[in-house]
Every structure is written in structure tokens, then in C-alpha cells.
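Computed from heavy atoms alone, side chains included, the values below leave out hydrogens, waters and symmetry copies. Numbered from 1 within each chain, the chains take letters A, B, ... in sequence-line order.
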Amino acid sequence: MNEVLAWLLFFFILIALLVMIVFQLMCLADLEFDYINPYDSASRINKVVLPEFITQGVLCFLFLVTGHWFMSLLCVPYLYYNVKLYNQRQHLVDVTEIFNLLNWEKKERLFKLGYIILLLFMCLFWMIYNALEDDGHSI
Amino acid sequence: MGTENPNPRNYPLRPAATPFASPQSSTPFASQQSSMPFASQRSSTPFLSSGPVVGSEAPVFRPGPPAASNFQAPPFSGRPLVGTEAPAFRPPPSSRPSEVVRPPPPPSSGGPPTSGFQSFPNPPMPSAGQVPPPHISLTGRPVIAPPTRPPPGPASIFSQPQPPLVSMGSPPQSLKTGQPNPNIPPPADQHFSAPRPSSQPSSPPTGTSYAAGRGIYPGYANMQPNSVSQDPPMQPASFQLQQGGYGPPLQSASFPLQQGGYAPRAPPTSLLAQQRGYAPIPPVSTPSGIYPGNQFQQHGIAPPVAAQQGLAEDFSSLSLGSIPGSFDAGLDITALPRPLDGDVEPKSFSDMYQMNCKSRFLRLTTSGIPNSQSLASRWHLPIGTVVCPLAETPPGEEVPIVNFATGIIRCRRCRTYVNPYVTFTDNGRKWRCNICSLLNDVPSDYFAQVDASGRRVDLDQRPELIKGSVEFIAPAEYMVRPPMPPLYFFLIDVSISAVKSGMLEVMAQTIRSCLDNLPGSTRTQICFITYDSTIHFYNMKSSLPQPQMMVISDLDDVFVPLPDDLLVNLSESRSVVEAFLDSLPSMFQENMNVESAFGPALKAAFLVMSQLGGKLLIFQNTLPSLGAGHLKLRGDDIRIYGTDKEHTIRLPEDSFYKQMAADFTKYQIAVNVYAFSDKYTDIASLGTLAKYTGGQVYYYPNFQASIHKDKLKHELSRDLTRETAWEAVMRIRCGKGVRFTSYHGNFMLRSTDLLALPAVDCDKAYAAQLSLEETLLTTPTVYFQVALLYTSSSGERRIRVHTAAAPVVADLGEMYRLADTGAMISLLSRLAIEKTLSSKLEEARNAIQHRIVKALREYRNLYAVQHRLSGRMIYPESLKFLPLYGLALCKSLPLRGGYSDVQLDERSAAAYTMMALPVKSLLELLYPNLVRVDEYLVKVSLLHSCFLCWSMIWYVSYLLPMSPQTEEFDIKKRLPLTVESLDTRGLYIFDDGFRFVVWFGKALSPDITKNLVGEYFATDFSKVSLSQRDNYLSRKIMEILNQYRKSDPSYFQLCHLVRQGDQPREGFFLLTSLVEDQTGGANGYADWMSLLYRQVQQNA
């Protein structure tokens, strides 16, 4: 049962990550179509960048402590990338250059999105698998 | 002619190959014949109407795209040809004019055109030709030329062999030769068919025949030789033939470039020769071009001049030894192209579209927009534009101001402003937008009848419908807030170095002297803040007799005392402001503070200014050391060069600066940074403020009032008094299918295509790159419209609109032909500088080199096949200076060498400056003026002394026809930038627009030196400045220097004196700036060309 709860937790964390990334993508798209100005767009994006990084780090850590080393390993490249960005102080969107970097920022976030969705499916799979297994046991 | 073969296709380059072969022999003739047609056409082309071109059609063109259809390039008037044809025309250049003359021919077609021919025919022939003008020439050949003859037909052609062609034997050369032989001209006729040409000549077939002939010939001819021919073809033939053929045609001049090589005549020479050769006016040919009618005819035979020209125009070539390792021998240094005339704007473009805005406002890197993505991808140089929206206009060419009472006429869909290229339909009730083709209603108060030709009857009273540049008065809907007053905010560092260097005093004096000339008259607002380790505010309320100073020492939480009295109206508080400026230097006389709380002071300034916006002038003397935004010494790290982190030292260290810059732009504040330190001040960080706010950076390393006073004075007053546009935004619109994808310069993007420019003036230019959105452009013309919405100093909201049209072309050769070196280099330099911000200097330099190599290689592939070009480097005439400017760019301050070559601060400052520089100034900076003045001085002083002796004057004026008073020094007599230009007996002035270097040769007559520098004659020049002395020579040289200064007042050139052999001073000031020499590991011009040549050959 614990397993299922743990996967459920991971699932919600992943959903949270997903939401943050989609939010950033929306800000970028709005910017591209001129619905908001670069100042607002950048400040909105920058507000969620750190939460996103932290959430992802926590997720990775939780996978590890709950013994799901494979999932944890899957998270590591993502985490490494985030840490690298942070250390280079490039994690925040640069308002002044935002238009020149727009394509790259979008690409980066789309890639992250794909990554998160992949994890999400694996998470779902394990959750259901565990739930069924629990069922089996209980029967 | 018109008819020519309708084969409009222009494209056909291909054929070429074949052409040779066959052509050769035939060519000559063919060309001639064909030439005629062409010629005519071409000639005509030049003119707008150019009807000639294709016979009838031509006329059509003019502006419109109309007829064009056939040609791709319709736009051009005559030129249509664009693609293929293009070559033929060479329009642009002078040639046209000449041609003009002939225009008429059309009908006869044959006749006139001939002129072109000259070549062969020329000489000899004249007789024939002349007569019946056109016909004649043609005649001969005409004979029937079987029209058709398939190009290939060559074989037959050969047959002709004979006479003229003789040379033909060897095809290529033959061509040329052939011409010489000209005599024979006749041959042509046959071309194919019969070999014999010669005969014909006489018989000029009549007009008709001509026609026919032409038609026919063309066929052949066209094929081969002349590309000219009407046929679309340009193809191959063109070049070849041309070359051979004629030489000279009119144009010769045009080619000039070619290094010299005229040689025209030499008959036999190989093509190569010709290529360079062209021109040669020599023989015969020449005349023709110019003189219209007659001559041509005479030549009758003459090959199609046009064709030749075409060729010539097509490319220039440079002989480089073909044997590896031996190129030195093959490269004639003096023959290398040099931009000694400064910036030459391509004329053809503006001639084509006369309603375009002037090139000082907008320049395209190539005026031929590729019609497909595949074509664009073969063009390895950037496609884009350099815009200088507020460029200074000479008197008489001011931009007209238009005031629409009821709203500005704009397209409903794309928001394009009404411009000369819109068309009125439905009897004037509707107008079609030239950019998006939407049909808009004409408002009733703007309605005017349209006459039969589609012109509005009130055209004369509507400057916006005739001029490419206009200024609209914007109504209230273009304002987000009431127009702001001009606002000048001074943020002044008063730490010890500012006082010691004398900067404070010079600055205060300058500002005081400019108070009367600040734009905005009574609306102007002004404010001062000074800082060292604390921030000092000044209450300048008009009711106070003296300014009150308030000191804030809490740097972590800056607040503004008396927010309402800091920023005051200049005219009301004038006396307080003057009192402040008078006392400023003395106030801080005793200041021993070495700290600089720059960041907090900047925040304070922001707080005061954010209500209104305006211009913030920062005078910074040391590295910011306290509070937010304090910086570290990081520029001295030699180890970082050559590593992956190298670029980080050219980027702002602290995100504080970028954030501040973004906030400044948001609130319409433009920042100009004046930096004076002798030590590292991190211009890379400080300059960020200017970069994103549309400002600029002035850097005076090691400022000493005694030396740099004039420079600071001039530049600060210009900054304060030049006409400035406030709170501006700029957008460049362009037609369907193309899109601006990136912008380069000092500004910040507010949305994908909107440039936010808190302040703009005439010294700022912006560049943008285009890309094709659609795989195929179907429109014949692409329109560009630059719109700058701004508040003028007088408080009016205005929109300055520049409109330009450019043809869409389907042929790479045409793109090269329409290229503009100045705009290209401007864009390339911006790209290169941006590259240094993300990678190593070395990589940025390599990127430039690669681009040039790729472009030249593509160009070579275009033509090499048809010509025997081994051992020669070919490049388009329009881009002949590209390699040299590319080299100069690699040696410019921002890109030069490595750690030890240029101080980091200087590098950054130069980079920020070059990002904003208009094309002309940039070219001058890259390839500075070098002139010799001693000969002139001696001559004038001699005259002068004689002049004093009244008795002598008659004699003098007899000897030297100019009197001293009237003789003007010709500042255009520029020398190549190499040590070899420097004669030890000479006195030289070097001017790059930012400084003068006066170089004294070792063996220069001591008299001159004494006269110029007086008692400092024998001392070290580093402390001597050139000032006017009471003698004639000194006055004269100052006159020359002032002449230079006046020609570009945007910066002040400080004069540095350098004695030959006075190292390291000489090396520092002059030798490293001689871009053609090998300096510090960088290539010399000759080596650079061989290097490019070798790389072009690789994988070719």
C-alpha cells in the first residue's frame, strides 16, 4: 500500500513540475505573439524557475530514498542540467535578450516537458502496477 | 528587339558552357548581332523606362513591377533582366547614361544597339556600321541568321572559322581576338549558318533584316556570346562572349576597378585578360558607348557592347599565381582593390526605384531579394538592412512633414503607412497596400481623382505619395501619455580621480556652455546627482539663490529626498543651475574619496527619472566599488584568453546592470556612459546600460584635461545639442514572404519586431537580418517600411516613415551584382561583435573569414566553369572591397589579436561604439584615411611667400596656376594603408573618424616640423599637441584637420603626433592601424587574399 502512496506522491510532484513548465511555455508563447511585454513575461517565468528546480531536486531525492534508484537515475541528467545552469547563473531568463533567446528557451522547455511526460507515464505505470499487485495480495 | 526571344527565362545560366565552344567562333558575330539588340535594350534599360529592353515592355517597367513579369526583376526598370539578363545591363554604372542615348533604337532595334558592338567591329569596321546605323551593322550578319540555331549549334559556327574568328580557334581567346579582327565583322551574320560573315557587312540587310536578324541571331548569338542577347539567356554566353568580344564598350569606365588591367585590345589574350581588361577603352569600342548614335553604328559590328559590359560587371578578378607556393609572384599588390574613395553607395538601386528613401536612411546588404529559400541558402552572406532613421540630411533635402487632419492613412490589416508605392484604384476611392495587397478605402477627405494613368491628380501636393521619406504628425492615439519634455540627467562621479584629471572642470564648463543650446527651449528639464562613497542630491528650486546639497550615505536603501525639487525646469532655474556648475569643480577640490557608489547612485537617478524618462549621462572615473553593482577587477586575467570562458570578460559581470538597463528602457531612459579611468573600469558592464537603452559609450582612457579637453568638449556638446528623438519605438515592416528575424545594435526589443529606443539621434544606426518565410516568393518586388514613432524635442509626437522597394531576383549572380559592401560590412561587423560575446575572439574572426570564403566560393562556382580562371581569384564587382574590409574588421579593436593587443576596456568600448555606428563612419573607421600633406604644405607656403612679394605674383601664377587662396586641399587623395605609403620625407595625416595621427617622417624638412610644433621641435611628442601657431604652415594644417572634422562631426578627432621610429608610440598609434600590413600575427592584405584564394579553391 505504501508503494502505491509513494507513487501517488511522485505523480503529484510530476504534475506540479508539468504545470510549472507549461506555465513558462505559455509565457514565452504569449511573448512571442505580443500578448504581454518582455518585462512581465520574464518576471513571471523567473518566479517559477527556482521552484521548478527545487521540486525536481526533491523528486530526484525522494526517488532515491524510497529505493527507486532507476527512476532516480532517470532524473539525474535533468538535475545535473539544472544545477549547471544555476551555477553559471543562467537559470533566469534575461529580459534584455529574451527575444534573441526565445527559440532556445522554448526548445529547452519543450524538451523538459517531454522528459517530464515520460517520467509521468512511467510513474503511472508503476502506480497501477503496484495497485494491481496490492489487489492481488489482498485477494 | 523587344521581341527578342521572349524567352524570358532569365535564369539560364547554364548554357554557358556550351557557348564557348561554339560560340567562340561564332560568338563574335553573334554577339554583335545579338548585341545589338541587347545593346539597345540595355541601353535603354538604364533609363527608367528603358523600354528598350525588351522592346516594348521595357517602358513599362519603371517603377512598377508590371511588365516585369517576364523578367523577374521587374522592378528595375529597364533592368528587368535581373536574373540573367542582368549581366547584360550593367546598368547601374555609368554605362547607362551613355546608353541612354541610344535608347530609341527600339524599332529598328537592330540599328542603334549596335553601338554596343564596337568591339570587334569597331575599329575597322566602322564604315559599314556607320552608315545606316543600325542596320548596317547588323546587316551584315543578319543575313539570315537562322534564328534558331540552337545554341549548341556551335559546331556550325566553328565552321565559320575563318577570318575573323581566326583566333577563335582557341575558343576562348579567340573571342577576344576575334574582335580585334573585327574588321571582319561581317561574319557575324552567318553565325551559324554561314560562316562567312564577312561579306555581309556591307549588305546591311535592311531594317527588317535586322529585325529578323536580331531575332535570329539572338538565337545564336545569344546563346553563346552574348548572353546579352535578349534571350533570356544571359546565360553562359554572356560572360564569355563578352569578354572576348568587346572589350571596351562604354562602360569601360565602369569597371575601373579592375585593377588595371585594361589591356583591352590585346586581342588574343585570354579571357582572363579580358575580364580584367575590359574597359579598355581603347579602341574603338569605347566611343560607341558613349556616343550614341553614330558611333555605334559605325561600329556596326561591334559586338554587343552591352554584353561585354555585362561581363565586366559580372565579376572582377585578381591574378594570383596558380602555382602553389608561387602566388607571391602572381599577386600584384598595387592591383588589389582599395576603397580609396571611401564609402561608395551603389547607385543602381536608387536609380531603379526613384521613390525609395535615400540610402543614408536605409541600405540593404543586397538589393536583390532571393526568390526562394534554396537561393537564399546559396547566398552565404547576411541578407538584411542597416537603418539610420534620423540621419542628417543636407540642406534642401529635409524630410517633408505631413499633417493629416483626420488620422494617418494606414493599411487596415498590416498597418503600413501610406507611401509612394501604394496604388489607387476604383477611380481613387480605394488604395491597395503595397505590402499586404489589401484593398483599403480612401477616407473622404483624402480622396482625389485618379487620372488615366492611375496617378492621383493631387500628387504634387502629397509628399507622402512621392517621397520615400516623410514625417507624419501623430494624433493623440499615438500617445500613451503626454509627450515628454527633453530631460537631461547628469550622474557625476566626483571621486579623487575625477577631480585630479580635470574631468570635472571640463565637464562643468561644457555643460554650462551648452545650456543655451539644449533642445526643447523652455520645456527642458535638468537634474544633477554627484557621488563618491555617498550620494549627493541638489535642490535646484528656482526660488533658491544657491543650490542646496543633500547627502545620503545609506547605500543599501536609497531614497530620494525632496523628490519634487531635484528635477527642475532649466529655464526657470537657470541661475541656480549655473551657480551649481560654476561651483562644482571647486566644491570637490579637496575630495580625497576614492570609492564609487555607482550602483546606488544609479538607482537614485532611476527613482528621480522614472516619472518622465529622458537622457542619463553618466560620468564614471573609477571601478564601481560600493553597494549594489560593485565590480571586481577581472580584466587582467591573461589566462582566461583562449579558454572557453574568454567571452565572459566581455559580458557584464553582475546581472544588476542588465536589470537596470531593462528598467531604464521600460521608463524611456537612455543612458550615455562617459568613462575616463586610466585603470580598468569594466566598460563591458557599464556599457550594458548604454547598449540596451539606445545610448552610446564614450571612452577616454587615461583622461587628462590638458590633452583630451577638446575631445570631451566637442563630444559632450554634440551629445547635448544634437537633435534627439525621445521615447521612440521603431518597427520595420516588410512584404509577405520575408521577415526580419534578428536585430543588431544598441536598443532593446519590446516585442518580436519592435525596437524600444528611449532616445535616438542621427549618429545611431540599427541593423536587422531578414529571412524568407516562404519557399518561393511570387511577388516581383519586396517593400520595406521603417517607421519610427517618437516625441520631438519640441513636444510633438511624430512618425518618421522611410519606404524602399527592392526587386526579387531568381539568380544568384544578380544578388551579387546588387550587393552593397557598406551595408554588408556593417551587418557583418555587428554579427562578429556579438559573436565575441559568446565565443573566443579567434572564433569570431574565423567566422568572418568563413563567410567571405563561402560567398566567394559560391560566386566562383557560378562563373568558373565558363572561364579559364585557374590562378585567378574572382569576386563580384559590387563586393570587391569585401575581403579588405573583412581583414580590417578582424584587425579592428574589438576583434584584434588577444590579451596584449588591446586593453579589455578599449575593446569593449569600441565594440559598443561600432554596434551603433552608421555605415559611413564604420567604413572610415575600418579603412581610415591616410593622406600626405607635406607636398601640399610646401607648395602652398611657397605660393604664399611669393604671394607676399607682390612683384612675384604674376610669375607665380604663371608657374602655378593656382593662387594660395583658392587652392583647397583635396582630402580625397587617400593612400593605401601600408607602411610602403609612408615616405620618410613626408608628413602624413591618418584619420579614422575618432582620432588623427600626424606622422613626421625622419627626413622631413625640419622647417616644417618647426613651423608646426614650434619649440617642441626636438622633444618627445607624447606631450605635445598640435595647436595653431602664428605661421602659415600651421594655419594650413589646422585648416586641413578642421576640414576632416567638419566632414563628420559625430566624434572629435584628437590629434596625436608621431615621429617615425619613435617606438612604441609609432607602433601603437599608427603601425597597428595600417590594416594592409602584417601586424602581430595577423595577415597582410596580400597574404589574406592568397589565403582566401586558397580556401576558395578548396572543395570548390
Turns out that what part of B:T665 lies under 4.5 Å from chain A's heavy atoms comes down to both

Is the number of heavy atoms from other residues, nucleotides or ligands within 6.0 Å of CG (A:N87) greater than 12? yes

Using a cut-off of 6.0 Å, state whether more than 12 heavy atoms not belonging to B:E773 lie near its atom CD. yes

Any chance NE2 of B:H744 has more than 12 other-residue heavy atoms, nucleotides or ligands included, within less than 6.0 Å? yes

To the closest 0.5 Å, what do you measure between NZ (B:K666) and CG (A:N37)? 6.0 Å

Between the main-chain N or O of B:A662 and the side-chain N or O of A:Y39, is there a donor-acceptor pair closer than 3.5 Å? yes

A:N100 side chain near B:E834 side chain, heavy-atom distance below 4.5 Å: no

Output for pair (A:R89 CZ, B:E653 CD), nearest 0.5 Å, gives 12.5 Å

Got more than 12 heavy atoms from elsewhere within 6.0 Å of CG, A:D40? yes

When you compare the side chain of A:D94 with that of B:K658, does any pair of heavy atoms fall below 4.5 Å? yes

Count the heavy atoms of every other residue, nucleotide or ligand shown that sit under 6.0 Å from OH of B:Y667, and state whether that count exceeds 12. no

Greater than 12 external heavy atoms within 6.0 Å of B:K764's NZ: yes

Would A:V95 and B:M748 count as a side-chain contact (heavy atoms from CB on, under 4.5 Å) here? Give the steps. CA-CA 9 Å; A:V95 203; B:M748 195 175 135; 4.0 Å; yes

Listed by number, the residues in residues 749-759 of chain B that come under 4.5 Å of chain A (heavy atom to heavy atom) are B:L749, B:R750, B:S751, B:T752

